[in-house]
Amino acid sequence: MTTIPLPQISPAPHKVVTQESPWARWTLILLALSFLSLFLLLPLVAVFFEALRKGWEVYLAAITEPDALAAIRLTLTAAAIAVPLNLIFGIAAAWAIAKFEFRGKSILTSLIDLPFSVSPVVAGLIYVLIFGLQGWAGPWLREHDISIIFAVPGIVLATIFVTVPFIARELIPLMQAQGSEEEEAAIILGASGWQTLWHITLPNIKWGLLYGTILCNARAMGEFGAVSVVSGHIRGLTNTLSLHVEILYNEYNFVAAFAVASLLALLALVTLVLKTLAEAKVAQQTTRGNHS
Amino acid sequence: MSTFKQHSVLPGFNLALGFTLLYLSLVVLIPLSAAFIYSAKLTWPEFWNAVTAPRVVASYRLTFGASFAAAAVNAFFGLLVAWVLVRYPFPGKRLVDALIDLPFALPTSVAGITLTAIYAGNGWLGQYLEPLGIKVAFTPLGVFVALTFIGLPFVVRTVQPVLEDIEKELEEAAAMLGATRWQTFRYIIFPAVLPALTTGFALAFARAIGEYGSVIFIAGNIPMVSEITPLLIITKLEQYDYAGATAIAVVMLVISFILLLIINLLQWWVRHRSTKA
Amino acid sequence: MKFNLWLSAGLLTFILASSGQALADQTLLNVSYDPTRELYQEFNRAFIRYWQEKTGEKVSVRQSHGGSGKQARAVIDGVPADVVTLALAYDIDAISKQSGLVPPEWQDRLPNNSSPYVSTIVLLVRKDNPKGISDWDDLIKPGITVMTPNPKTSGGARWNYLAAWSFALKKYNGDEAKTRDFLSRLYKNAPILDSGARGSAINFIRHGMGDVLISWENEAFLALKEYGPEQFEIIIPSISILAEPPVTIVTKNADKHGTHTIAQAYLEYLYSKEGQDIAARNFYRPSDPDIARKYTHQFPEINLLTVDEVFGGWQKAQSIHFSDGGLFDKIYVNQ
């Protein structure tokens with residue numbers, strides 16, 4: 001039996017039922033892009049524009065001046081300590097939470113998230129309450145010549161506090177998605193725990209680890225509120241880059257403030273690029289984990 | 001102890017959990033408890049007066065109001081941006097996608113001075129807005145703008161994966177059954193992304209409430225008008241009022257705990273939804 | 001692996017931290033308030049030179065700046081300041097009272113109430129004075145926007161408030177109710193109270209907010225220097241207050257660091273001819289009569305009243321006007 005061609009069906013262009021009409025599509029795209037340009041692109045352009053307002057020479061002078069260099073050094077130091085510590089913490093926490101079932105697990109997961117929702121100012125304040133001269137440990141520390149707040153350790157502590165969740169939060173879902181069959185096989189075949197971690201788990205999560213580390217590092221280098229409370233703003237000593245931005249800004253030195261700010265913005269851009277690369281790899285790893 | 005943990009062949013549980021708990025206690029829990037213990041120095045009426053003084057209440061109103069408005073705007077535009085990024089091809093899409101996380105990676109003090117440079121009366125946009133009678137910098141509107149900026153990635157990033165996972169078949173079926181595109185969105189897509197959208201909203205809201213760096217530059221910090229709660233804590237400290245500062249900090253901490261609880265419930269809801277589907 | 005990480009993190013810190021140290025025999029930390037940045041930059045260079053010539057010792061001076069109250073708070077909480085150079089005596093009293101790091105009679109340790117230089121409060125307006133402001137009276141006129149920081153947190157703002165109060169009290173022949181009303185109307189015209197003097201100045205100068213900035217005299221001069229007289233004008237009010245920013249050694253810190261001698265020399269050098277000249281160059285009124293004569297052209301004659309005359313001292317001024325529930329709170333909330 002042959003089908004009778006139905007003349008009333010027009011040979012109009014194939015209409016995709018799950019697509020909006022082009023004008024709706026472009027309106028939405030345009031709306032989204034204008035929102036993003038207003039809120040994301042404009043500030044980004046403004047940082048660099050203001051930084052270079054008086055030319056390259058002023059720009060370079062601003063970021064190579066001794067106080068700025070000291071601020072860069074301190075920022076790198078704080079991140080160099082905070083990020084590895086949080087890395088170890090992240091791996092340990094993810095191992096415990098993703099590989100084992102135990103009571104109170106969800107509470108632990110929430111506690112790890114806690115620093116994320118605590119105001120940075122409160123984070124700074126609590127360290128003042130503990131280590132400040134009027135605080136609990138202050139008098140004892142002073143007697144023993146140990147400085148915590150208004151010195152590098154305080155800045156590192158505040159940085160660690162605000163960046164605690166980043167790596168753990170990234171690793172836990174990834175390791176949960178991958179399951180633990182590979183590790184179990186390795187243990188049954190006689191590998192030690194460290195060997196399993198080193199040869200099985202870490203290679204499996206390396207991109208997620210990198211992703212978390214990048215975010216953790218960006219936040220560590222840029223933290224302002226918490227560090228501002230415990231810094232004491234001693235130039236050349238306890239002044240981080242993001243605090244230095246504020247100081248320059250308060251000195252009528254707007255070009256220099258934006259120059260230093262542009263360094264941080266550049267760092268943010270590098271972070272975004274690395275993050276995008278890592279993200280693609282994480283997606284690959286997650287799917288591979290699911291199939292294995 | 002056997003009921004505490006299910007059996008597993010994997011080693012290292014005690015070490016990993018022990019280290020996690022130790023680290024978390026040292027860095028987060030013990031310091032946070034300091035705020036509660038310190039505020040216990042106040043009697044209850046003193047505490048109550050400190051946290052309900054008119055200026056403090058005005059700062060809550062601003063902090064929560066602006067955070068809520070910013071999170072709501074982010075929920076709307078975040079959904080729109082996520083939708084556009086997931087569904088439509090357009091030139092420069094990957095670039096835009098990468099840029100979404102900028103507020104997350106950009107230090108808050110940088111965001112603060114930049115937004116001020118843009119929205120001040122003689123700034124990039126401010127000079128055009130001011131003649132229209134719209135003052136952004138140094139008003140509550142400025143606080144809102146800063147909070148919108150910093151909360152922007154959260155909704156996009158929570159909604160995006162859910163949108164990607166929605167099965168086309170459902171939408172096709174809806175279209176077959178005669179639903180318009182709007183009806184499909186309203187009855188199929190929106191309910192599916194709602195848990196993620198709410199989570200994103202809550203995350204943006206939580207982040208905004210505690211925000212300090214980007215706000216103080218643009219807020220003008222006028223008592224009773226554009227003074228946020230975290231700034232008030234700093235102000236109290238500068239007036240040597242440690243107990244008052246700590247009391248307000250405790251209020252903020254309790255709110256953080258509650259928000260965190262809600263976010264966790266929401267995330268459970270998201271997972272529950274996706275497994276059911 | 002964990003130990004290696006710890007070790008390398010520790011090592012890295014050590015290297016990074018140690019490379020940041022200047023090679024100096026002694027280091028002083030001067031914790032100061034907002035507008036003195038430029039002054040102490042210049043003064044520190046001069047003092048380092050002077051000290052090396054005198055003793056052969058290399059000294060380095062570190063600076064910290066911020067709102068006066070904020071800085072005092074930081075010292076109370078343990079910033080290891082050897083000397084403090086703040087905006088008003090009350091803040092050093094607070095250090096003394098709250099932490100005991102400074103003895104209560106600190107103000108008698110150096111000449112002139114421990115204030116090597118003084119300043120006053122003036123009005124800064126935009127070029128050609130478009131709103132025609134000539135004295136404090138004009139600030140309460142409707143339609144004028146006044147920029148001044150928050151007296152609760154800013155030392156400079158307290159001087160501003162007290163200067164306006166002194167003027168009004170004189171104008172109304174000591175009628176306190178009218179004076180309060182005057183202040184109330186003034187603050188009604190001040191919609192933005194920044195937390196520090198610098199914040200206020202930046203809003204006025206950079207962001208073009210407000211018609212008049214109540215400002216430290218030295219800040220106003222600095223604004224003219226940075227932005228040129230083609231943008232701003234200084235208006236000298238008929239009456240203002242003698243602002244005495246005090247300096248002192250944080251005794252217990254200096255003793256602990258073994259820097260007492262050098263800290264003493266540092267502060268005394270502020271009173272020397274060279275120190276006074278640097279202060280005057282940075283627009284602080286010198287106390288040395290010779291240097292003061294040299295700069296008479298720079299500092300206009302103003303009828304200056306002191307806090308002791310008008311308010312009976314800082315402690316009293318603070319508790320009546322600026323404490324919680326004090327006069328300022330009433331004035332500001334009753335708007």
Side-chain angles (χ1 to χ4, degrees), chain A residues 66-67 69-78 80-85 87-88 91-92 125 127-129 131-135 138-139 141-143 145 147-154 156 194 197-198 202 228-239 246-247 249-254, chain C residues 1-2 4-6 8-17 19-22 27 29-31 34-35 37-38 40-41 60-67 70-71 73-81 98-101 196-199 201-202 205-206 219 222-223 225-227 252-253 256-257:
Chain A
D67 281 344
L69 290 179
I72 293 174
R73 203 155 38 223
L74 178 62
T75 303
L76 292 177
T77 309
I81 301 171
V83 175
L85 285 177
L87 186 74
I88 297 170
I91 296 172
L125 172 70
Y127 286 112
V128 172
L129 293 180
F131 298 114
L133 199 49
Q134 312 305 314
L141 289 170
R142 185 182 161 87
E143 242 165 66
D145 275 323
S147 8
I148 305 270
I149 55 166
F150 309 121
V152 179
V156 172
W194 291 115
L197 178 71
W198 192 250
L202 287 183
S228 156
V229 180
V230 297
S231 145
H233 302 93
I234 306 167
R235 304 174 133 228
L237 204 62
T238 62
N239 216 6
E246 187 198 20
I247 284 192
Y249 187 79
N250 278 338
E251 281 176 6
Y252 300 122
N253 212 339
F254 300 105
Chain C
M1 169 206 134
K2 212 191 280 177
N4 276 339
L5 261 173
W6 275 93
S8 48
L11 214 66
L12 192 65
T13 330
F14 178 75
I15 295 165
L16 286 164
S19 63
Q21 297 292 335
T27 305
L29 173 60
N30 175 3
V31 170
D34 258 331
R37 297 162 203 266
E38 294 76 13
Y40 282 105
Q41 255 171 27
S60 71
V61 186
R62 292 198 185 280
Q63 284 296 139
S64 168
H65 294 277
K70 173 176 164 181
Q71 295 293 78
R73 195 278 298 175
V75 173
I76 290 168
D77 276 331
V79 166
Q98 307 248 344
S99 70
L101 295 170
R198 259 303 152 87
I202 282 179
I205 292 164
R206 161 96 173 169
E219 279 280 282
L222 184 68
K225 190 175 135 194
E226 298 271 333
Y227 285 85
K252 286 200 177 157
N253 286 351
K256 196 168 152 58
H257 306 151

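Numbers restart at 1 for each chain; the letters A, B, ... are given by sequence-line order, proteins then strands.
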Interface residue of largest heavy-atom contact number with chain A, from Asp34(C), Val31(C), Asn30(C), Leu29(C), under 4.5 Å: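 The residue among Asp34(C), Val31(C), Asn30(C), Leu29(C) with the greatest pair count is Leu29(C).
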message: Please identify, among Pro35(C), Gly199(C), Ala74(C), the residue contributing the most non-hydrogen atom pairs under 4.5 Å to chain A.
response: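 Result: the option with the highest number of such pairs is Ala74(C).
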field: Residue Asp67(A) versus chain C: region with a heavy atom under 4.5 Å
entry: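 Neither part.
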field: Contacting region of Leu74(A) [heavy-atom separation from chain C under 4.5 Å]
entry: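 When you check distances to chain C, no heavy atom of Leu74(A) falls under 4.5 Å.
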task: Can you tell which part of Ile76(C) gets under 4.5 Å to a heavy atom of chain A, answering side chain, backbone, both or neither?
output: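 For Ile76(C), heavy atoms of backbone and side chain both lie under 4.5 Å from chain A.
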- prompt: At a heavy-atom separation under 4.5 Å, does Gln63(C) approach chain A through its side chain, its backbone, both, or neither?
  reply: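 Both backbone and side chain of Gln63(C) come within 4.5 Å of chain A.
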So which atom in [X] and which in [Y] form the shortest heavy-atom distance, rounded to 0.1 Å?
{"X": "Ile149(A)", "Y": "Asp77(C)", "answer": "CD1-O, 3.9 Å"}
{"X": "Gly232(A)", "Y": "Val79(C)", "answer": "CA-CG2, 3.9 Å"}
{"X": "Ile234(A)", "Y": "Ser64(C)", "answer": "CA-CB, 4.0 Å"}
{"X": "Val229(A)", "Y": "Arg73(C)", "answer": "O-NH2, 3.7 Å"}
{"X": "Gly78(C)", "Y": "Phe150(A)", "answer": "C-CD1, 3.5 Å"}
{"X": "Gln134(A)", "Y": "Gln98(C)", "answer": "OE1-O, 3.2 Å"}

- request: Assess whether side chain to side chain contact (heavy atoms under 4.5 Å, CB included) is satisfied between Asn253(A) and Arg37(C), documenting all intermediate values.
  value: CA-CA 12 Å; Asn253(A) 212 339; Arg37(C) 297 162 203 266; over 6 Å; no
query: Can you tell me how far CZ of Arg206(C) sits from OH of Tyr249(A), rounded to the nearest 0.5 angstrom?
result: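 The CZ atom of Arg206(C) is 6.5 Å from OH of Tyr249(A), to the nearest 0.5 Å.
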- prompt: NZ/Lys70(C) to NE2/His233(A) distance, rounded to the nearest 0.5 angstrom?
  reply: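 Reported value, rounded in 0.5 Å steps: 4.5 Å.
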message: side chain to side chain contact (heavy atoms under 4.5 Å, CB included), that's the test. Do Arg198(C) and Ile247(A) meet it? Break it down for me.
response: CA-CA 10 Å; Arg198(C) 259 303 152 87; Ile247(A) 284 192; over 6 Å; no
